[in-house]
Protein chains: 2
Amino acid sequence: MNDEKSKTAARAALTQYIHTKKLRRTPERYAILDKIFDIAEHFSIDMLYAALEQDGFHVSRATLYNSIQLFVDCGLLRKHQFDGKSAQYERVPGTGNHHHLICTQCGRIKEVKDVALVNMLNSRRYPTFHTAYFALYVYGLCSRCQRSNKRKKK
Amino acid sequence: MNDEKSKTAARAALTQYIHTKKLRRTPERYAILDKIFDIAEHFSIDMLYAALEQDGFHVSRATLYNSIQLFVDCGLLRKHQFDGKSAQYERVPGTGNHHHLICTQCGRIKEVKDVALVNMLNSRRYPTFHTAYFALYVYGLCSRCQRSNKRKKK
DNA sequence: TTTACTGCAAATATTTTGCAATATC
DNA sequence: GATATTGCAAAATATTTGCAGTAAA
């Protein structure tokens, strides 16, 4: 699914959600959603705010937080707290789940796909708990930090 | 391993780490570490601060944050950001990894052990990345929220 | 004696909230 | 017309930082 198509699909999903929840179709919500598909897969509120400002589209931070929460609620976005600072958001991929490798030294984040693992995860059932989705964080050292550590030891 | 034993082991590990890093063995560090083993498996900085105050042992929040970071660095603690608010910490279990079921509605967190899954995770290798540990978060609805949702529908 | 560590208070950063004005339904 | 949503500013929350005094090595 290319970006224009997934943008259209996301708009439709939002419209659907707004309809069922009897909310309102404001221009802000659609503009923010569109922008999310124009910028990176991962973003922070601040990145999104800056990107919108650059376009000359001004929204308050309060609206940004509200809208993002709405998108999370309707399953279009996932929230991550990789570091202790600001939350990061990512679009929910239509298919092909991935997880995150997080370098404990430099904080760099890499996405990996691991089909076998995703299948295993999807087969898990926990009594009395109704699973919606998973987030797997793998902590360790990225290649760059492994190398720089070796250099230091010499 | 019972609590007194794991407390002793943790103290020893801290001493070892402090020694190799040429840091200092301050009474605050050991008192904080001890307290961590007296309270819950999971805690926030605020809970820990309150618990210490209750004992009449005063440490500044700055010292608390510093010490906790030190414990994370030496592998005695893990940091989690379950919600967007304050960080939660948990003691690293000597053996028997577990993961977390997080209710997206009420925020309640439950721990589960899943040996098969842990074995699967431990067998994963990602090129150029040197894995240290995993954190798996399972999002969904807890039994209580499933029930309360059903009631609403009626 | 050197300097890592502590406590305090101020600073920073992120997110939330109250409220009046506006726009959707 | 009713009220959900917006923008703004202020508030709340969590964490970090600067610095002077203290104490571990």
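Below, read A as the first sequence line, B as the second, and so on, with proteins coming before strands; counting in each chain starts at 1.
- With DNA chain C read from its 5' end, the first of the two nearest nucleotides for B/Val59 and B/Lys22 is the one closest to B/Lys22.
- With D/dA25, C/dG7, D/dT6 as the candidates, the nucleotide lying closest to the side chain of A/Thr63 is D/dT6.
- For B/His58, taking side-chain heavy atoms from C-beta onward, the closest of the listed nucleotides C/dC5, D/dG7, C/dG7 is C/dG7.
- Annotation: B/Phe134 is not in aromatic contact with A/His99 [ring centroid separation under 6.0 Å not met].
- Atom CD1 of A/Ile45 and atom P of C/dA13 are 17 Å apart (whole Å).
- For the pair B/Leu70 CG and C/dT6 P, the interatomic distance rounds to 9 Å; values are reported in whole Å.
- Picking from D/dA24, D/dT15, C/dG7 the nucleotide with the shortest atom distance to the side chain of B/Pro27 gives D/dA24.
- Here the two rings, on A/Tyr89 and A/His42, have centers that are 6.0 Å apart or farther.
- Between A/Arg25 and B/Arg25, the residue anchored closer to the 5' end of DNA chain D is A/Arg25, taking for each the nucleotide with the nearest heavy atom.
- You'll find that the side chain of A/Ser60 is closest to D/dG7, out of C/dC5, D/dT15, D/dG7.
- Between the OH atom of A/Tyr49 and the C1' atom of C/dA13 there is a distance of 15 Å, rounded to whole Å.
- Judged by distance alone, with hydrogens and angles left aside, A/Arg24 brings a side-chain donor or acceptor within reach of the base of D/dT3, the pair sitting under 3.5 Å.
- When only modelled atom types and interatomic distance are considered, A/Tyr126 and B/Asp114 share a side-chain donor-acceptor pair under 3.5 Å.
- Here A/Thr26 reaches the OP1 or OP2 of D/dT6: one of its side-chain N or O atoms lies under 4.0 Å away.
- For the pair B/Arg91 and B/Phe37, the cation-pi test (distance below 6.0 Å, angle within 45°) is passed.
- We find that NZ of A/Lys85 is positioned 15 Å from C1' of D/dT13, with the value rounded to whole Å.
- Rounding to whole angstrom units, CG of residue B/Leu23 and C1' of C/dA4 are separated by 8 Å.
- In this structure, the OH atom of A/Tyr65 is 17 Å from the P atom of D/dA9, given to the nearest Å.
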**OP:** Would you check, one step at a time, whether the test side chain to side chain donor-acceptor pair (under 3.5 Å) holds for A/Thr15 with A/Tyr30?
**Re:** CA-CA 9 Å; A/Thr15 300; A/Tyr30 289 91; 2.7 Å; yes
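- Regarding A/His19, its NE2 atom lies at a distance of 18 Å from the P atom of C/dT24, rounded to whole Å.
- Spacing between atom CD of A/Gln81 and atom P of C/dA13 amounts to 17 Å, rounded to whole angstrom units.
- Residue B/Arg61 is out of contact with every strand shown, counting any heavy-atom pair closer than 4.0 Å.
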